[in-house]
Amino acid sequence: EKSPIERINELENESQEKSSALSVHDLSFKQPNELKVEELKLVINYLSDQETTVKFNKARRSFKSSRMNFEEELEKRNVL
C-alpha cells in the first residue's frame with residue numbers, strides 16, 4: 001500500500017498533466033494561425049454555440065467576429 005505522501009504526489013502530477021492541455025475556451029483566445037486544423041474546428045463550434053446562447057448583442061457580435069476570423073483561417077488552409 002502506498003504512503004499518503006506518495007499518493008498526494010501522484011494526485012499532484014495527474015492534475016498538472018490534465019491542466020497542461022488547453023481548453024477550447026483557452027484556445028479561442030489564441031491567434032487562428034497558431035492552431036491546428038482540429039483545434040480550429042473545435043473553436044469554431046465553441047464560438048458558434050456561445051454566439052447562439054449569449055444574452056447581450058455586443059457579446060454576440062464579438063463571438064461572431066472571432067468565429068469568422070477562425071473560419072477565415074480554415075479557408076486559407078483549404079479545409080472548410
Side-chain angles (χ1 to χ4, degrees):
E1 192 173 303
K2 296 179 182 179
S3 71
I5 293 174
E6 289 174 340
R7 183 69 182 133
I8 289 171
N9 289 339
E10 283 181 12
L11 288 173
E12 286 177 348
N13 290 337
E14 285 177 14
S15 64
Q16 286 177 353
E17 289 171 6
K18 289 178 185 173
S19 66
S20 66
L22 291 174
S23 70
V24 177
H25 177 75
D26 294 334
L27 290 175
S28 68
F29 290 104
K30 288 192 161 231
Q31 293 297 318
N33 60 356
E34 298 174 348
L35 301 177
K36 299 175 191 168
V37 172
E38 301 84 30
E39 293 171 333
L40 282 170
K41 290 179 180 180
L42 285 173
V43 171
I44 289 170
N45 288 335
Y46 169 76
L47 291 172
S48 183
D49 290 343
Q50 292 299 314
E51 189 180 327
T52 56
T53 59
V54 73
K55 184 176 179 181
F56 299 104
N57 201 19
K58 188 173 183 179
R60 193 174 309 122
R61 284 193 307 262
S62 174
F63 284 123
K64 183 176 181 178
S65 173
S66 295
R67 179 182 52 83
M68 291 173 71
N69 288 337
F70 286 100
E71 287 176 345
E72 219 174 272
E73 180 64 27
L74 267 182
E75 288 175 5
K76 285 180 188 174
R77 297 181 190 187
N78 296 321
V79 176
L80 190 63

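Computation of the quantities below employed the complete heavy-atom set of this structure, encompassing side-chain atoms and omitting hydrogens, waters and symmetry-equivalent molecules.
Linking Ile, Leu, Val, Met, Phe, Trp and Tyr residues whenever their side-chain heavy atoms come within less than 4.5 Å places L35 and V37 in a single cluster.
Within the 3.5 Å criterion, the main-chain N or O of S62 finds a donor-acceptor partner in the side chain of S66.
Salt bridge annotation for E10-R7: present, with a cationic side-chain nitrogen under 4.0 angstrom from a carboxylate oxygen.
We find the CG-CD distance between N33 and E72 to be 11.5 Å, quoted to the nearest 0.5 Å. To the nearest 0.5 Å, the span separating CD on E51 from OG1 on T53 amounts to 9.5 Å. Between atom CG of residue L47 and atom NE2 of residue H25 there is a gap of 10.0 Å, rounded to the nearest 0.5 Å. Taking CG from L40 and CD from E71, the interatomic distance works out to 10.5 Å, rounded to the nearest 0.5 Å. Taking CD of Q50 as the start and CG of N45 as the end, the distance is 12.0 Å to the nearest 0.5 Å.
Residues R60 and N57 have side chains in contact (heavy-atom distance under 4.5 Å, counting atoms from C-beta outward).
Remark: E73 pairs with R77 by the salt bridge (Lys or Arg N to Asp or Glu O under 4.0 Å) rule, at least two apart or across chains.
Between the side chains of D26 and S23, at least one donor-acceptor pair of N or O atoms lies under 3.5 Å.
Contact record, S28 with F70: O-CZ, 3.6 Å, taken as the closest heavy-atom pair.
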